[in-house]
> 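Pasting a structure here, questions to come.
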Amino acid sequence: MISGTNAIGSKSSKQGTKTFKTFNPKENKDTEWTFYEASSNEINEAVALATDAFKAYKDFSGAKKAEFLEAIAEEIEALGDELIDTYCKESGLPDGRARGERGRTMGQLRAFANLLKEGSWVEAVIEKAQPNRAPMPKSDIRKMLFPLGPVVVFGASNFPLAFSTAGGDTASALAAGCPVIVKSHPMHAATGELVSSAIIKAAEKTGMPNGVFSNLNSSGIEVGQQLVKHPKVKAVGFTGSINGGTALYKLANERDEPIPVFAEMGSINPVVLLPSALKNEGDAWATKYASSITMGAGQFCTNPGLVLGLKGTNLDSFINTISEEILKLEPTFMLHPNIYAKYNEGKKELSAQKGITVTADYKKATNPNTAQPSILKVSGADFLANTKLHKEVFGPFSVVVECENTDEMETILNHLEGQLTGTVLGSEEDLAAHAGIIDALQSRVGRILFNGVPTGVEVNSSMVHGGPFPASTDARFTSVGTSAIKRWVRPVSFQDWPNKLLPLALQNENPLKITRLVEGVYTKN
């Protein structure tokens, strides 16, 4: 049963006087649940508990933390259809999407559990002493990664499970040894409460310290601001808009002790149509991209919002086909009326820009909160002259740019802001013949695809979901995949330390049997 309360460690709390409701976009009305916004006292209590929990949790073995993560996955699954039904009510997304996202959430937790059980992620490095080295003796120096401390995670609007309460940020931070305080997203607070209950139940079952996880409700920005400014918070994870992410980043850097904010933000995910793709498979790619652009009502951070091709009859055919195909697809619900309104505002603003031709705009009557897809066309020169056209429109929307030649295409790519993904469509011969374009694209993105669609992000150890600003606040890290754990740790060196008092990962005997870099050689010896 949904109580609408905050979870301060294992305790339910509703000290605040401000309340709010979530919204069912499919039924176009508020849900039945009322939520209590977290008070300053509750915020301070959650952070204090997390700080105390960190003292013990940071030293737990990989096996013990893995048991916790696996238990969370089991408890999420045990929520059954109540979680699925609640997810659908608060998001307007279909049952199949809810079940798929639940599976991905559990898979992420189990992937990090496996990483912990193997153990080599701590990056143990050993340089042995050389006391007789001339002209100066060499000390014994050993290094590994250690958790930062309490982490605040902001739930994402468009992924109520996989990027929210027990999503990738939470899973990776808990795996690293950091207690987590979630600032639940107000659009799916009931879904968040159910998942929160699963995490807390798993924590109790596996003997985790009270405060290793808390969940706080908020409909505005005040709770998030207080959490980021709290001196005991050591890092922040965020998935959302450029405005929201950069505001948190600025706030964190204005603290007396600045802390990292790992924000995954906006992206228009450019797609480059090379000559053979247009000539040989233009219509097929147009059909695939019509589906990709409208998938989930276009509410993916990897939605292909920009397509670049060389001006000519082949590109004309591509534009005609994608415009026809996208209008055949039934519009679907957006997550919330506010998101729907912002989509329409963005579409209207870009459609009115100089040089724009609207080649597709869904005009049939639709249900409330359903997004009508749109395709725009513009010349390369007009696109370069107007950075408003670089703006992400969150929804089923894309701009096709007609480039005069490959030099203009390369120039456009070099002038783009940072992106999560970039895609190249063409042949292997095209890649070799257009090395400058490929290089320009690679310099702007975190993931570069060949002959595919960017929607759909695999969760594994080689995935990069991030990119140069404003795709993310730190292009060196990913928010998806097991490498995401590296955001929540820092390296510490031990010099001339007694072997028995070293962390197990650094002891001579290698009791954890992990792979270590010993004097420049990777070994388990």
> Do Thr359 side-chain atoms and Ile375 backbone N/O form a donor-acceptor pair below 3.5 Å?
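Between the backbone of Ile375 and the side chain of Thr359 there is a qualifying donor-acceptor contact (under 3.5 Å).
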> Any side-chain heavy atom of Lys388 sitting closer than 4.5 Å to one from Lys391?
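With C-beta onward as the side chain, the pair stays apart.
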> Mind listing the closest non-hydrogen atom pair of Ala166 and Ile76 along with its distance?
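Ala166 and Ile76 have their closest heavy atoms at CB-CD1, 3.9 Å.
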> Are Met265 and Asn243 packed together at the side-chain level, in the sense that at least one heavy-atom pair is separated by less than 4.5 angstrom?
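No, their side chains stay 4.5 Å or more apart.
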> Would Phe300 and Phe159 count as a ring-ring contact (aromatic ring centres under 6.0 Å, His included) here? Give the steps.
CA-CA 9 Å; Phe300 289 106; Phe159 281 88; 5.7 Å; yes
> Run Thr455 and Ser292 through side chain to side chain donor-acceptor pair (under 3.5 Å) and show every step you take.
CA-CA 6 Å; Thr455 41; Ser292 179; 2.7 Å; yes
> Please determine, by modelled atom types, if Ser462 and Asn460 share a side-chain donor-acceptor pair under 3.5 angstrom.
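Short answer, yes.
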> With rounding to the nearest 0.5 Å, note down the distance linking CG in Leu79 to CG in Leu194.
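Between Leu79 CG and Leu194 CG, I get 5.5 Å after rounding to 0.5 Å.
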> Test your reading of the model: is there a side-chain donor-acceptor pair from Thr478 to the backbone of Val480, 3.5 Å cut-off?
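Answer holds: yes.
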> Check for a donor-acceptor pair, side chain of Asn24 on one end and backbone N or O of Gly92 on the other, with a separation under 3.5 Å.
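Side chain of Asn24 to backbone of Gly92, a donor-acceptor pair under 3.5 Å: no, none is there.
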> Would you say Asp430 and Ser276 are linked by a side-chain donor-acceptor pair, where the criterion is simply a distance under 3.5 Å?
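On atom types as modelled, these side chains qualify, holding a pair under 3.5 Å.
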> Take atom CD in Glu349; do more than 12 heavy atoms of anything else shown fall under 6.0 Å from it?
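Count over threshold, so yes.
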> Between Glu345 and Lys348 (salt bridge meaning N to carboxylate O under 4.0 Å), is one present in this structure?
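Lys348 and Glu345: not salt-bridged.
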> Please check this pair: side chain of Ser351 against backbone of Lys347, looking for a donor-acceptor N/O pair closer than 3.5 Å.
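At least one qualifying donor-acceptor pair exists.
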> What distance do Ser398 atom OG and Ile268 atom CD1 have between them, rounded to the nearest 0.5 Å?
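Here the interatomic distance stands at 8.5 Å.
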> Check whether any side-chain N or O of Arg447 sits under 3.5 Å from a backbone N or O of Pro454 as a donor-acceptor pair, and report yes or no.
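Such a contact is found between Arg447 side chain and Pro454 backbone.
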> Looking only at the side chains, is there a donor atom on one of Glu402 and Ser379 sitting less than 3.5 Å from an acceptor on the other?
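No pair is found: no donor N or O on one side chain lies under 3.5 Å from an acceptor on the other.
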> Where do Leu161 and Glu101 come nearest, in terms of heavy atoms and distance?
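The answer is N-OE2, 2.7 Å.
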> Check whether more than 12 heavy atoms from other residues, nucleotides or ligands sit under 6.0 Å from atom CZ of Arg490, and answer yes or no.
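It does not: Arg490 CZ has 12 such atoms or fewer within range.
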> Any side-chain to backbone donor/acceptor pair from Thr332 onto Gly296? Under 3.5 Å, distance only.
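Flag not set: sc Thr332 to bb Gly296 has no pair under 3.5 Å.
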> So, are Arg487 and Asp474 salt-bridged, with charged N and O less than 4.0 Å apart?
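No salt bridge links Arg487 with Asp474.
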> How about Tyr340: does its OH atom have over 12 heavy atoms from other parts shown lying under 6.0 Å from it?
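Correct, the count exceeds 12.
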> Any side-chain donor paired with an acceptor under 3.5 Å for Asn269 and Gln419?
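No pair is found: no donor N or O on one side chain lies under 3.5 Å from an acceptor on the other.
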> If you measure from CG on Asn215 to CD1 on Ile199, what distance do you get to the nearest 0.5 Å?
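So the gap between those two atoms works out to 7.5 Å.
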> Which heavy atom of Tyr362 sits nearest to which heavy atom of Leu329, and what is that distance?
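Tyr362 and Leu329 have their closest heavy atoms at CE1-O, 3.8 Å.
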> Any side-chain donor-acceptor pair under 3.5 Å between Ser196 and Thr165?
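No, Thr165 and Ser196 have no side-chain donor paired with an acceptor closer than 3.5 Å.
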> Strictly distance-based, threshold 3.5 Å: is any side-chain N or O of Thr239 a donor or acceptor partner for the main-chain N or O of Glu264?
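The answer is no, because no donor-acceptor pair under 3.5 Å joins these two groups.
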> For the CE atom of Met334 and the NZ atom of Lys342, what is their distance to the nearest 0.5 Å?
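Separation between the atoms: 11.0 Å.
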> Under 4.0 Å between a Lys/Arg side-chain N and an Asp/Glu carboxylate O for Lys486 and Glu123?
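Between Glu123 and Lys486 there is a salt bridge, with a charged N closer than 4.0 Å to a carboxylate O.
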> Kindly check if the number of other-residue, nucleotide or ligand heavy atoms within 6.0 Å of CD (Glu254) is above 12?
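More than 12 heavy atoms, drawn from other residues, nucleotides or ligands, come within 6.0 Å of this atom.
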> Between CZ of Phe469 and CD of Glu417, what distance do you get to the nearest 0.5 Å?
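Answer rounded to 0.5 Å: 10.0 Å.
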> Using 0.5 Å steps for rounding, measure from the OG1 atom of Thr423 to the CD1 atom of Ile448.
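One finds 8.0 Å between OG1 of Thr423 and CD1 of Ile448.
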> For Lys26, I'd like to know if atom NZ has over 12 heavy atoms of other residues, nucleotides or ligands within 6.0 Å.
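Open: at most 12 neighbouring heavy atoms sit under 6.0 Å from NZ of Lys26.
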> Grab the two heavy atoms, one from Ala176 and one from Trp488, that are nearest each other, plus how far apart they are.
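Shortest heavy-atom separation between Ala176 and Trp488 comes out as CB-CB, 3.9 Å.
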> Taking the six-membered ring of Phe163 (Phe, Tyr or Trp), confirm whether the NZ or CZ of Arg104 is under 6.0 Å from its centre and within 45° of its axis.
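Ring-cation test returns no.
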> For Arg97 and Asn158, which heavy atoms make the closest approach, and how far apart are they?
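Heavy-atom minimum between the residues: NH2-O, 2.8 Å.
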> Can you tell me if Ser317 uses its side chain to pair, donor with acceptor, with the backbone of Asn314 under 3.5 Å?
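Between the backbone of Asn314 and the side chain of Ser317 there is no qualifying donor-acceptor contact (under 3.5 Å).
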> Could you tell me whether the side chain of Ser164 reaches within less than 4.5 Å of the side chain of Val195, counting heavy atoms only?
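Result no, sub-4.5 Å side-chain heavy-atom pair not found.
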> Between Ala113 and Glu70, what is the shortest heavy-atom contact and its length?
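That would be CB-CG, 3.6 Å.
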> Is the side chain of Ser91 donor-acceptor paired with the backbone N or O of Tyr87 at a distance under 3.5 Å, no angle test?
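Judged by distance alone, yes, a pair lies under 3.5 Å.
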> Is it the case that the side chain of Arg516 and the backbone of Ala124 share a donor-acceptor pair, with hydrogens and angles ignored and the cut-off at 3.5 Å?
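Not at all, since once roles are kept as given, no pair shorter than 3.5 Å links the two residues.
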